[in-house]
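Below: the structure, in structure tokens.
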Amino acid sequence: MTTEIYLDANATSPVLPAAILAAQAALQQCFGNPSSSHAAGLRARALLDDARSRARRVLGAASGRLMFTSGATEGIQTAVLSALCAVRARRAAGLPCGDLLLYGATEHKAVPESLAHWNALLGTGLTLQALPVDAQGRHRLDELRTLAPRTAFLCTMAANNETGVVSDLDGIAAVLDDTGSTALWMVDCVQALGKLPLALDRTRIDYAPFSGHKLYAPKGIGMLWVRPDAPYTPLMCGGGQEAGQRSGTENMAGIAALGAVLRALEEGASFRSHAQLAAMRDRLAASLRAAFPGIEFNTPFEHALPTTLNFSVPNRSGKALLDLFDAAGVRVSAGSACSAAQAAPSDVLLAMGLPQERCANAVRMSFGPLADDAFIMEACARIARCGQALLAPPPAACPVTGSGAPAQPQAPVPGLAPCALDAHGLAHFLGAHPDALLIDVREACEHALGTPRLHGRAAYSLPLSRLPEHAAWLCRETRPLVFFCRSGNRSAQAARIAQELGHRAVRHLAGGLALLAP
Ligand code: PLP
């Protein structure tokens with residue numbers, strides 16, 4: 001498996017080649033400070049102005065503030081600070097103002113966390129409340145109608161990062177209008193850029209944060225748009241850059257790269273249309289249905305971004321599926337917060353009222369609007385192989401070469417962990433121990449998807465989950481053992497077990513196959 005099929009675009013995307021070139025040019029030729037008045041500074045200023053003008057055209061935001069930020073988290077922070085300072089002032093002046101900070105129940109963590117943080121820090125004393133969503137993940141407009149008169153600040157998202165569910169922003173605006181709400185309104189537009197039409201000037205949205213790295217720009221660059229009459233308080237003060245709205249010397253490489261992405265969006269030739277993307281999504285869905293009978297899609301496609309699929313497979317944890325896809329070189333994300341040991345069910349899916357098991361098993365597959373047919377075809381082929389790999393038989397027993405009495409089980413020695421090898425250490429160890437046994441402790445289905453020969457040697461399959469059955473063999477085996485897995489977690493556990501069983505020459509590959517050069 002030489003190429004990686006990257007299907008985790010909602011987490012972050014690769015960088016557009018034109019964006020890399022633009023960043024490189026900004027670093028090499030156009031490195032001036034846009035605040036300087038000499039020619040080098042003026043060239044940098046022109047680059048900055050050009051990127052901003054493009055952004056205004058792409059976002060349909062001719063009016064209002066449009067500033068570059070470090071990303072959406074900063075934009076959200078700035079919007080929350082601005083809104084809460086205004087609410088505090090209104091309340092201090094005895095003006096009518098709601099008492100609720102209302103946020104969509106499926107918002108990115110950055111929103112409720114920022115609301116709680118600034119509400120406490122500013123002593124605003126408002127009540128945080130989640131606006132529930134329905135089974136399709138869309139905001140409950142009936143609840144909003146009840147809560148809108150009490151709402152001081154409303155935060156919703158344009159599209160959800162886990163499920164791709166697209167919010168009914170027109171419906172929300174209509175409820176705010178109908179109820180005469182004075183609420184300020186932030187819409188997290190991170191997942192909308194390049195995937196949904198935006199015409200910010202024509203909406204009633206007050207704050208719209210964006211992030212570059214979700215659409216082919218690098219990490220560390222974003223934008224915040226603020227409606228002309230919306231209250232504004234800078235988050236960062238200092239040299240007065242960005243017209244005093246956001247101090248700090250501008251990230252010119254990031255801005256140049258984002259400018260190149262905005263240019264591609266404006267010109268329209270590079271990115272696929274909604275219909276093309278929906279057809280690609282349907283092909284992926286068909287191959288998933290064929291590979292995983294019983295699969296359940298967690299969002300109705302008609303209300304979701306065409307670039308996001310969220311699904312669960314009964315009796316297969318999201319973590320196990322992620323491992324399986326990873327073994328096939330397909331990068332996806334478990335739709336829930338995962339640690340190596342346990343997967344927490346996704347809050348977003350729980351908020352939609354899906355059963356606990358389905359929420360814990362969720363997987364997200366997301367691609368960007370640059371995807372082409374060849375990419376989707378290869379992704380479908382690998383999904384099919386993943387389905388076949390699940391039928392792989394359990395591993396045969398490893399050949400024993402040990403002789404004599406089995407080693408006696410040892411009590412674990414506190415603090416004496418089995419030796420971890422990095423890539424260099426692995427080469428050295430295998431060179432020094434031609435008899436060492438390489439053991440792949442991933443599941444049999446992961447092994448079946450193709451296991452690289454490490455330094456010319458084949459590996460045996462002995463999944464961590466089956467290690468107890470093979471304890472007798474492990475006790476007898478006298479050759480050095482080198483365990484490896486995908487990320488280094490399972491192999492570290494296997495090495496510890498082998499050591500506790502009395503094996504004295506145990507190694508494991510730190511960081512796993514993921515860190516070995518492809
Ligand atoms: N909002 C949404 C919907 C996101 O998906 C993300 C990133 O995961 C963020 C906010 C935070 O963006 P950034 O990484 O630019 O701070």
Side-chain angles (χ1 to χ4, degrees), residues 6-15 19 55 59 66-81 103-118 130-131 133 137-139 154-167 169 172 185-196 198 205 207-225 235-236 246 248 251 253-255 257-258 261-262 299 304-305 307-310 331-338 346-349 351-352 362 364-369:
Y6 186 81
L7 280 169
D8 201 14
N10 288 11
T12 198
S13 63
V15 182
L59 305 182
L66 199 145
M67 67 205 76
F68 291 105
T69 61
S70 63
T73 302
E74 183 192 325
I76 290 167
Q77 228 61 222
T78 311
V80 169
L81 175 68
Y103 61 93
T106 56
E107 288 299 300
H108 187 277
K109 243 177 134 84
V111 171
E113 292 294 320
S114 305
L115 288 172
H117 175 74
W118 289 105
L131 174 65
V133 296
R138 305 190 105 196
H139 301 99
L154 171 67
C155 300
T156 58
M157 61 203 328
N160 186 273
N161 45 305
E162 276 189 37
T163 59
V165 168
V166 175
S167 301
L169 295 182
I172 294 172
W185 185 22
M186 178 183 81
V187 176
D188 174 343
C189 290
V190 167
Q191 299 291 347
L193 185 64
K195 300 169 202 162
L196 293 175
L198 290 163
I205 298 168
Y207 306 97
F210 294 88
S211 175
H213 74 103
K214 307 292 181 174
L215 194 80
Y216 304 116
K219 292 152 200 63
I221 186 67
M223 300 179 283
L224 174 67
W225 177 77
L235 177 67
M236 296 201 279
R246 196 266 185 187
N251 168 5
I255 291 170
L258 180 55
V261 173
L262 292 166
T299 39
L305 294 174
T307 45
T308 305
L309 292 129
N310 190 303
R331 312 302 176 217
V332 300
S333 126
S336 50
C338 263
S346 152
D347 288 338
V348 169
L349 299 181
M352 291 165 62
R364 176 185 70 188
M365 240 178 209
S366 51
F367 56 100

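In what follows, every heavy atom counts, from backbone to side chain, and hydrogens, waters and symmetry copies are set aside. Please read all numbers here as calculations on a predicted model, not as lab measurements. Numbering of ligands and ligand atoms starts at 1, following listing order.
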Item to check | The one among Glu74, His108, Gln191 that brings a heavy atom closest to atom 6 (C) of ligand 1 | outcome: His108

Checklist entry - Taking N or O atoms only and a 3.5 Å limit, does Ala110 qualify as a polar contact for ligand 1? => result no

Item to check | Close approach of Lys214 to ligand 1, heavy atoms, under 4.0 angstrom | outcome: yes

Item to check | Nearest-neighbour protein heavy atom for atom 11 (C) of ligand 1, which is reported as residue plus atom name and distance | outcome: Thr73 OG1, 3.6 Å

Checklist entry - Out of curiosity, Leu7 CG to Thr308 OG1, how far, rounded to the nearest 0.5 Å? => result 10.5 Å

Next on the checklist: Working to the nearest 0.5 angstrom, can you tell me the gap between Tyr103 OH and Glu113 CD?
Outcome noted: 9.0 Å

Checklist outcome for this item: His213 heavy atoms within 4.0 Å reach ligand 1 at atoms 13 (P), 14 (O), 15 (O)

Item to check | Among Arg364, Arg331, Lys214, salt bridge (Lys or Arg N to Asp or Glu O under 4.0 Å) partner for Asp8 | outcome: Arg364

Checklist outcome for this item: d(Leu115 CG, Glu107 CD) to nearest 0.5 Å is 8.5 Å

Item to check | Contacting atoms of ligand 1, where contact means under 4.0 angstrom from a heavy atom of Ser211 | outcome: 13 (P), 15 (O)

Checklist entry - Does a side chain donor of either Lys195 or Thr307 reach within less than 3.5 Å of an acceptor in the other side chain? => result no

Checklist entry - Does the N or O separation between Asp188 and ligand 1 drop below 3.5 Å for any pair? => result yes

Checklist entry - For atom 12 (O) of ligand 1, which protein heavy atom lies nearest, and how many Å away is it? => result Ala72 CB, 3.3 Å

Checklist entry - Could you walk me through whether Leu66 and Leu59 pass the side chain to side chain contact (heavy atoms under 4.5 Å, CB included) check? => result CA-CA 10 Å; Leu66 199 145; Leu59 305 182; 3.8 Å; yes

Next on the checklist: Taking 4.0 angstrom as the limit and counting only heavy atoms of Met157, give me the atoms of ligand 1 inside it, by number and element.
Outcome noted: 3 (C)

Checklist entry - For ligand 1, which atoms have a heavy atom of Gly71 less than 4.0 angstrom away? => result 15 (O)

Checklist entry - At what distance, to the nearest 0.5 angstrom, does CG of Leu305 lie from CZ of Phe367? => result 10.0 Å

